[in-house]
Each structure stands twice: as structure tokens, then as C-alpha cells.
**Student:** 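Before we start, here is the structure in question, set down as C-alpha cells.
Just so it is clear, the structure is predicted and the values come from calculations on it, not from any experiment.
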Amino acid sequence: MSKYKAVLEKHRTSFAPPLAVTRASKTVSKSNGGFLALVNGTSLEVLDMEGPSASWVVRDHQGEVGFVKTEDMVLEYYNLNNTELQEMMDKTTAEVLADDLHGRSELVYNGNEEPIVDDDSPVKQAPRGNRKSKRALSVKAEPVDPKLLQRKQRSVSYGSAISRRSSQRKLPEGHVVIGKGQEVEVLDKSSSDVPDGFWVVRTGKGEVGLVPEELLEYDASAHNFGADLTAATRAYGGQVPPVLRSSVAWLTEHALTEEGLFRVPGRTAVVNELKHGFENDDDLLAASDSRRKYNPEDVATLLKLYLRSLPNPVFPSKLYMTFAEIAKIPSEDDRLREVKETLLNYVAPAHVAVLKMILPFLHEVSLHAEVNKMDANNLGLVFGPTLMRASNLEALESIEASSAMIDHEPRIKALMALLIRRHKELFPSPSNSCGSSTASSSLDSAPVFEDEAADDEDPRSWTPQQVADWVEAAPASLDAESKAKLATKDGEWLVNANQAELKALGLPMKDVMQMASLIYALTDPRAKS
């Protein structure tokens, strides 16, 4: 029995907890030589690092144990301390670099591969005549105008991507070198001023430049229902997510006079079909026959489902008690003024942009109440708990807190009805829209985040106490120990910190990733959250 077959046998009968959870970044159609078939996006448990070169031992959701290539995976969760995790990543990096050096990672065999588990050598070499050389890129790197990259440095992020393989080591000015498996932030992937076949990215060290599109695997998780609203807005280039824009436009055109709109549930299978389409960048509502295939209940349920799926509702959870107190104010004018002030100062631009679209739309629905039976009060009953809710954790902290939230609910619904009726006073800007075709086009063309830098105090001048206050208020679930360590640093260190420096400070990987995202948001005025 070979060494690697014994490794698999050991883990097939083991009940030890996994080292990590990893996600497949590509599809591998069939298993071969102890390596598992993969479906892009599927999660697997990492059981061991002792597989063939640049591979891990994993277990899939059906309990099958086998090997996967590290280049095909993205780590998601860890059950390791910092030292073990660093050993794991160093081992993988060393093996990948060794494979690149010796030409093994790019080997392609003619015919069937020999099963690795039937040979004691970790890598089965093909005859030299059967090897294919490293695949050449279909685009050529040319020097880039530095002014282009200066403009892109402050672009709204589209999200992240993972490199499928390493780039060339010597590149012209304006291009960045990336290693296999490296995560980068995508700043632009479609503008006319970016050379065809390239994306503008920012590395973990803050370096901005071009990378060939074919080297990158884009992370589309921000397109999914349940993604953070600010992350989703960035992923769509600063636009309100398409599922919201398209649903509002469709309902405005086809459903304003539908009796019981938002109260009658849609067909589950149809709603799931629409959901799957939007998560895969396919707007089924835009099809010419959408009115025949879908009914108002389906689309209304889809809209509510997306809003309810948001981990942080449109009116942020941390401000729930603030809005609950505002709802107690006797004067409608005073209530409206306090809500407007709160939105202006404490709510992220992505959330405000959604309110600017949803509230006018709901007002338009209420204007047809004689037919659809959905006046502002009835809409407040439906959308109050959807748009304005406390976090589950907060509700579970005590019986008193849970009881208080129940008491607040009628006032919250009444406040929502007020905002629907008087939305023009809340957002007097001419950018108000209710999702009609004219308004929808203005939403499509106008990004959520502003281009001008904010007038706020430069974070570089923050004292350690100000850093501590910012960390405490940040929308992230950081460990208490991480917060204490960050509170020892000043604003200059914070703004310039990269992932390596955050790891060196002793933060666990989950906090490193959260802080890296928050720092990007802090230093980009259009992405503040």
C-alpha cells in the first residue's frame, strides 16, 4: 500500500475535527488518482496537509475522503492557532513554488493519468515529450499611463478575486506581480480606459496595477442573497443591487393595482428560480415574456426575501433602539427631522441609496390603495420589521430586551408608514424615484458612492483612543483581544496597515480579513460604512 493511500485510509475512519473549511474555486469534472471531483463553490473539510505536493486531504459533504489541489481551493474558516495556520500556508506556498520551479504544476498528460495512490512517489512524472509548456497568456502586458492608476486607486471596489496561477516575474510599469492563490481586490474590470483583457487590482500590500483577467477567479459571493448590502453595492460598481432595481421597476410597471400586494406569498419554486438567476447575474425579469411567466406575488416575495436576507437591515441593527426612541416623539415633523439627521450622519451610503428607491416606490403603491388595499399603514406593517429590525443577538441578550422590542414594534411600523407618506421631505433631492423606467435609468447611471472626498477628520491624525472608539463602533465581530491590541495603535499605523502587519499584531485570520476590509472602507471616502 502506498504512502498516500494509507493517508486516505486513516482519515476515512477518523472522527477528528477538521483543520479548516475550504471552498472549491473551480469545477473538476471527474475524480482521478485519489483526487476528488469538485463543483465550483462547494465547501469541504480540510483534514490533513500531508497529501501529494501542493494538495490537502479533504472530506466532502457526502463523507468521501480524497485529495484536492490547493490551487483549486479558497480557505474560509480555520480551526488552527496562528502558528499552525502559518505552517499550513508556508508549506503550501513552498510546494507551489517548487512545482512551478520544476515544471510540475503545469504538466498535462496525454491519455489517462496514472493514479497517484498506486505509486510511492508523490508526483507521477510524464515522459518529457508528453509535457505541455506553461500556458502562454492571450494578452500582452504593455506599459500603463501612471495617471490611469492614480485615478483607479480611489475606485469603488468590485470585490475580491483569487489568482489561478502566478503572473510573470518581470512586468512593465503599471502591472503587478501576483502568486498563485493570492487574493486581490478588484477595482475595475470593465471601463473603456482599461486595456482589454486586464483588470485593475489592489494587492494586500496596497499596490495598485493591472493583472490579466484570465489569471483571476472572481469572488461573486457578494451577489448572493444574504450578502452585506455595502459589499453587494461595491460588487456592482457602486450601483444598487440589480435584484432591487429590477424588482421595483417590474412591480411598478405590472403590479401597482394588484390586490393584497406584498401580503399574498409567491410560488416557492418560481421565487427560487428568480433568486438563482440574480445570484448568477441573470435578470429573468428583464426578459420580454416575464409578465407571462411571473406574477406580482412572485416578484413581491422575491423583493421581501432579499431585504429580509440582509445580515444588516436597510435601517442598520445597531441603530434600532435609536429609531425606536425616535418613534416615541409625539410630533411627526420632529420624528421626520430626527430620522433624516440619523440617516445623514450614521447610515452607510449603500443603505441610504436603497431607501431612496424603496420608500418612493412604496408611496406609489399606497396611492393605489383603493384597488390594492395597501395604504401606507398596511405597508408599514409589512415593511417595518423587514427594513428596521434589531439583531438576533441583541434580542436574545435578555428577556427584558426581547420584551422591549415587542413593545417597540407597533411604533416602528407607524414610523415606517410615516416615512412612506412623507418620503419627499426625507429625501428632497430630485434623484427620488419609484422604480419606473425613467427613474430606473437614473438609478442605473448614478453610483451610490460620491467621488468627492469627505470633509471628515483625517484618520491618520487619530490618537490610540480614537482608534479604539472606531474599532468598537465598526460593523464587525472582532475578538475582545483583537480590539485591545488595535487600541494600542494610532491612526497613522491603522491607515497604512496591511494584512501581514495585522497578522504580526497577533490578530486571528478572521479578524485580519475583517480589518483589512474595514481599513479599505475607511481610506476610501466613497466606501465608508
Side-chain angles (χ1 to χ4, degrees), residues 153-161 183-189 201-202 218-245 247-248 278-279 281 303 305-320 322-323 342-359 386-391 427 431 443-444 446-454 456 459 470-478 494-495 510-529:
Q153 279 181 341
R154 299 190 68 74
S155 295
V156 175
S157 169
Y158 277 82
S160 63
E183 184 175 4
V184 295
E185 183 183 10
V186 180
L187 302 180
D188 199 327
K189 56 191 181 91
V201 306
R202 177 160 47 210
Y218 181 64
D219 179 7
S221 60
H223 295 188
N224 295 342
F225 282 48
D228 175 77
L229 185 54
T230 296
T233 302
R234 290 180 195 157
Y236 286 109
Q239 307 291 339
V240 171
V243 61
L244 295 177
R245 287 184 277 128
S247 297
V248 166
F278 279 106
E279 290 184 332
D281 290 329
L303 176 60
L305 177 63
Y306 185 86
L307 294 171
R308 287 172 178 168
S309 299
L310 293 173
N312 191 25
V314 181
F315 288 92
S317 293
K318 66 182 180 181
L319 297 174
Y320 177 82
T322 299
F323 290 115
T342 303
L343 293 177
L344 178 67
N345 291 298
Y346 300 105
V347 177
H351 291 242
V352 173
V354 171
L355 288 172
K356 286 183 176 180
M357 182 186 68
I358 290 291
L359 292 177
T386 298
L387 299 178
M388 195 181 296
R389 63 181 186 269
S391 68
F427 304 119
S431 64
L443 276 169
D444 289 340
V448 168
F449 303 114
E450 299 294 333
D451 287 334
E452 298 299 323
D456 297 344
W470 176 79
V471 168
E472 187 62 37
S477 54
L478 302 178
L494 180 72
V495 167
K510 72 176 186 67
D511 287 359
V512 168
M513 301 308 295
Q514 290 186 86
M515 281 302 303
S517 176
L518 289 170
I519 291 170
Y520 283 141
L522 177 68
T523 55
D524 185 340
R526 290 162 299 173
K528 279 188 175 181
S529 57

**Student:** What are the two closest non-hydrogen atoms of A227 and P311, and how far apart are they?
**Tutor:** O-CD, 3.5 Å

**Student:** Does the side chain of Y306 reach to within under 4.5 Å of the side chain of P241, using non-hydrogen atoms?
**Tutor:** yes

**Student:** For the residue pair M388 and Y320, what are the closest heavy atoms and their distance?
**Tutor:** O-CE1, 3.8 Å

**Student:** For L303, run the side-chain contact (heavy atoms from CB on, under 4.5 Å) check against V243, I358, T386 and tell me which one passes.
**Tutor:** I358

**Student:** Out of curiosity, R389 CZ to L307 CG, how far, rounded to the nearest 0.5 Å?
**Tutor:** 8.5 Å

**Student:** Minimum heavy-atom separation for A222 to A231, with atom names?
**Tutor:** CB-O, 3.8 Å

**Student:** For E279, give me all partners under side chain to side chain contact (heavy atoms under 4.5 Å, CB included), at least two apart in sequence or on another chain.
**Tutor:** N224, F225, K275

**Student:** Given side chains that start at C-beta, do those of Y236 and D281 come closer than 4.5 Å, heavy atoms only?
**Tutor:** yes

**Student:** When you compare the side chain of S317 with that of N312, does any pair of heavy atoms fall below 4.5 Å?
**Tutor:** yes

**Student:** Would you say L494 and M515 make side-chain contact, with heavy atoms under 4.5 Å?
**Tutor:** yes

**Student:** Examine distances only and state if a side-chain atom of R245 and a backbone atom of V240 form a donor-acceptor pair shorter than 3.5 Å.
**Tutor:** yes

**Student:** Please answer whether the main-chain N or O of F315 pairs with a side-chain N or O of H351 as donor and acceptor at a distance below 3.5 Å.
**Tutor:** no

**Student:** With side chains defined as the heavy atoms from C-beta onward, is the minimum distance between Y346 and T322 less than 4.5 Å?
**Tutor:** no

